[in-house]
Number of protein chains: 2
Amino acid sequence: MLNINQEENILKNRKVKPTAVRLLVLRQFMEVNKAISLKDLEQLLVHSDKSTIFRTLKTFEQQKLIHSVADGSGITKYALCLESCECEPKDQHFHFHCISCEMTFCLPKQSIPIVQLPPKFTLQQANLVLKGICANCN
Amino acid sequence: MLNINQEENILKNRKVKPTAVRLLVLRQFMEVNKAISLKDLEQLLVHSDKSTIFRTLKTFEQQKLIHSVADGSGITKYALCLESCECEPKDQHFHFHCISCEMTFCLPKQSIPIVQLPPKFTLQQANLVLKGICANCN
DNA sequence: GTTCTTGCAAAATATTTGCAAGACG
DNA sequence: CGTCTTGCAAATATTTTGCAAGAAC
């Protein structure tokens, strides 16, 4: 299928060898459209090993295919880096965490707020996590 | 000392019985002036038990004396709720995480950026974590 | 064959709970 | 006494690594 080739290309573009598990993990990210944890993936991909998925996440993260999201749930989640997500020198990540269904979504990119830092502090990345109730739960 | 009474009052004001461990934990928060983890406290308060400190943190959090900080380090940290930190319906937390020394500081309150949420999403809290290099490491 | 990936097991790290003894009123 | 707090031990959850077998090139 063309789809598979597309996913393969995504990986190749980031210098990640498109192995079976990696394609499965990438596909999950593309399908769910929200931030998911290692455990989530474990349960979605019952035939792949936890540690393999773990290392896949680290590889993806390193190659900027995904980024980690600390949404305060205590479990590290990961989300796809879309075009609207610039995983570059000055990262900016916006996420919404629903305190009802516990889902975490990426929000479309918006301009970063101007925040005053104390003297001599230099900024590299900004993560904004908004919490509340999502449309489904409202 | 007057100081102790002051700390006792802080606890009493939040309906928390000022026990020995609680006073020690509160004092640590007031002294360090940054976000600290359970493990940090364990090491600072060698004579207090881990689980007691843990429950103290939960109690403090519930009574809005402290709030948790997900700074992406993988370890949950906690920081004092100062006057500048309104742990109320519309929470806003600003933190700075130094990727060099791994310290996490509370930033003084600033107005939260206006962020456009998708339809039917309602906002209750906003957490902004900025990452970079702090003054000490710069 | 050499390098990279995978699965299994297990280690390492973090968080949380059960329970009985003790403190406090 | 009765309630709340504490320490100890241990369970649970989460993240991470070692290693040998297998796949890819």
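Just so we're on the same page: letters track the sequence lines, and every chain starts at 1. This one's a predicted model, so the numbers in the text were calculated from it and none came from an experiment.
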Trainee: What's A/T52 touching, base or sugar-phosphate or nothing? Going by heavy atoms closer than 4.0 Å.
Mentor: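 Contact class for A/T52: base.
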Trainee: Are the side chain of B/K17 and the backbone of B/L11 linked by a donor-acceptor contact shorter than 3.5 Å?
Mentor: no
Trainee: Using whole Å, what does the distance between atom P of nucleotide D/dC4 and atom CD of B/Q63 come to?
Mentor: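 For the pair B/Q63 CD and D/dC4 P, the rounded distance is 13 Å.
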Trainee: To the nearest angstrom, how far is A/L41 atom CG from D/dT15 atom C1'?
Mentor: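 Atom CG in A/L41 sits about 14 Å away from atom C1' in D/dT15.
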Trainee: Looking only at the side chain of A/T56 (C-beta and beyond, no hydrogens), which of the listed nucleotides D/dG7, D/dT6, C/dT6 gets closest?
Mentor: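 In terms of side-chain proximity for A/T56, the closest of D/dG7, D/dT6, C/dT6 is C/dT6.
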Trainee: Checking the side chain of A/K131 only, and the main-chain atoms of A/D71 only, is there a donor and an acceptor separated by less than 3.5 Å?
Mentor: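 Yes; at least one donor-acceptor contact below 3.5 Å.
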Trainee: Residues in side chain to side chain donor-acceptor pair (under 3.5 Å) with A/S51, at least two apart?
Mentor: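 Expected list: A/D49, A/R55.
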Trainee: Quick test of your reading: applying salt bridge (charged side-chain N to carboxylate O under 4.0 Å, His left out), list the pairs with at least one residue in residues 119-129 of chain A, sequence neighbours left out, ordered by first then second residue.
Mentor: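 Of all non-adjacent pairs touching residues 119-129 of chain A, none passes salt bridge (charged side-chain N to carboxylate O under 4.0 Å, His left out).
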Trainee: Measure CG/A/L57 against P/D/dT14 and give the value in whole Å, please.
Mentor: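 One finds 15 Å between P of D/dT14 and CG of A/L57, rounded.
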Trainee: Specify the separation, in whole Å, of atom NZ of A/K15 and atom C1' of C/dC4.
Mentor: 17 Å
Trainee: With distance as the sole test, does B/D40 use its side chain to make a donor-acceptor pair with the main-chain N or O of B/I36 at under 3.5 Å?
Mentor: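 Checking the backbone N and O of B/I36 against the side chain of B/D40, no donor-acceptor pair under 3.5 Å is found.
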Trainee: Report, as a single string ordered 5' to 3', how protein heavy atoms within less than 4.0 Å touch nucleotides 14-25 of chain C: B base, S sugar-phosphate only, - not at all.
Mentor: SBBBBB------
Trainee: Both distances under 3.5 Å, Watson-Crick or G-U wobble: on that basis, could you give the dot-bracket string for DNA chain D, with [ ] for crossing pairs and | for other-strand partners?
Mentor: |||||||||||||||||||||||||
Trainee: May I ask you to list the residues sharing a hydrophobic cluster with B/I133, side-chain cutoff 4.5 Å, ordered by chain and number?
Mentor: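 Under the 4.5 Å side-chain rule, B/I133 groups with B/I99.
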Trainee: Assess the residue pair B/N33 and B/E31 against the criterion (side chain to side chain donor-acceptor pair (under 3.5 Å)); give the C-alpha distance rounded to whole Å, side-chain angles, the decisive distance to 0.1 Å, and a yes or no.
Mentor: CA-CA 6 Å; B/N33 190 35; B/E31 280 177 2; over 6 Å; no
Trainee: Roughly, in whole Å, what's the span from NE2 in A/H47 to P in C/dC8?
Mentor: 12 Å
Trainee: Within this structure, what is the CD1-to-P distance between A/I53 and C/dT6, rounded to whole angstrom?
Mentor: 10 Å
Trainee: Which atom names give the shortest non-hydrogen contact between B/F121 and A/C134, and what distance separates them?
Mentor: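 Between these two residues, the closest heavy atoms are CE2-CB, 3.6 Å.
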Trainee: Atom CD of B/Q62 to atom C1' of D/dT5: distance rounded to whole Å?
Mentor: 15 Å
Trainee: The criterion is side-chain contact (heavy atoms from CB on, under 4.5 Å); which residues satisfy it with B/S68, sequence neighbours excluded?
Mentor: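 In terms of side-chain contact (heavy atoms from CB on, under 4.5 Å), with neighbours along the sequence ignored, B/S68 is linked to B/E61, B/T76, B/Y78.
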